[in-house]
Amino acid sequence: MNIYDRIKQDHDHAREVMKKLKETTARAEKTRHKLFDEFKLDMWAHHKVEEAVFYSFLRDDTKMSDDSYEALNEHHVANGLLEELDTFPVGSDEWGVKFGALSELIEHHMDEEEKDFFPKARKLLSKEQADLMGKRFDARKKVVLAAIMPIDEDELKAA
Ligand SMILES: [Fe+2]
Ligand SMILES: [Fe+2]
């Protein structure tokens with residue numbers, strides 16, 4: 001899978017989870033927790049690996065440099081909001097409002113990547129390079145996700 005399809009796969013999954021989360025109410029604490037925990041880890045890993053695999057290359061191209069820094073800044077803001085939401089009471093209406101704002105930011109960012117960055121990157125990357133990047137993205141994402149996943153409590157108790 002090339003880098004564009006691989007990133008798009010993550011984006012589509014994120015869009016699905018965000019839609020589900022937006023449909024939850026303050027009373028659905030358990031569902032919110034479960035969905036958000038997964039979403040948060042997946043987004044953090046997505047951003048970090050995207051930066052290391054995709055943006056580190058684009059940033060070196062002067063034509064792409066400013067746009068890339070803007071995108072990295074959006075990652076930074078989104079990661080911070082994810083962190084804030086993580087410690088904010090999930091059973092409150094404010095949580096839903098805050099999540100709405102965060103999901104708008106992420107939606108906008110993902111749309112921009114697909115509509116602006118992908119066509120520009122296609123001009124810079126050969127087909128082979130895009131394929132290799134996709135492979136690297138996939139492998140690294142698995143490693144990063146595994147590294148930031150909370151330790152298995154059952155396993156710990158059984159030790
Ligand atoms: Fe991104
Ligand atoms: Fe992305």
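Positions are given from 1 along the sequence. Each ligand, and each atom within it, is numbered from 1 in the order the structure gives. The structure presented is a predicted model; accordingly, all values stated were derived computationally and were not measured.
Residues K48 and E51 are paired through a salt bridge, judged by an N-O separation under 4.0 Å between the basic side chain and the carboxylate.
Within H11, the N, O or S atom lying nearest to the Fe ion (ligand 2) carries the name NE2. Looking at E113 and the Fe ion (ligand 1) together, the shortest N, O or S contact belongs to OE2.
In this structure, the side chains of V90 and F36 stay at 4.5 Å or more apart for every pair of heavy atoms.
Here the Fe ion (ligand 1) is the vertex; the NE2 atom in H109 and the OE1 atom in E50 give an angle of 170° (to 10°).
Under 3.5 Å, the side chains of H46 and H75 contain no donor-acceptor pair of N or O atoms. In summary, the side chains of D42 and H13 do not present any donor paired with an acceptor at a separation below 3.5 Å, with no hydrogens or angles considered.
For residue H47, no N/O/S atom approaches the Fe ion (ligand 1) to within less than 2.8 Å. Taking 2.8 Å as the criterion, E51 does not count as a coordinating residue of the Fe ion (ligand 1), since none of its N, O or S atoms falls below it. In summary, H46 places no N/O/S atom under 2.8 Å from the Fe ion (ligand 1), failing the contact criterion.
Put simply, the residue from L81, L85, D93 that forms a side-chain contact (heavy atoms from CB on, under 4.5 Å) with K98 is L85.
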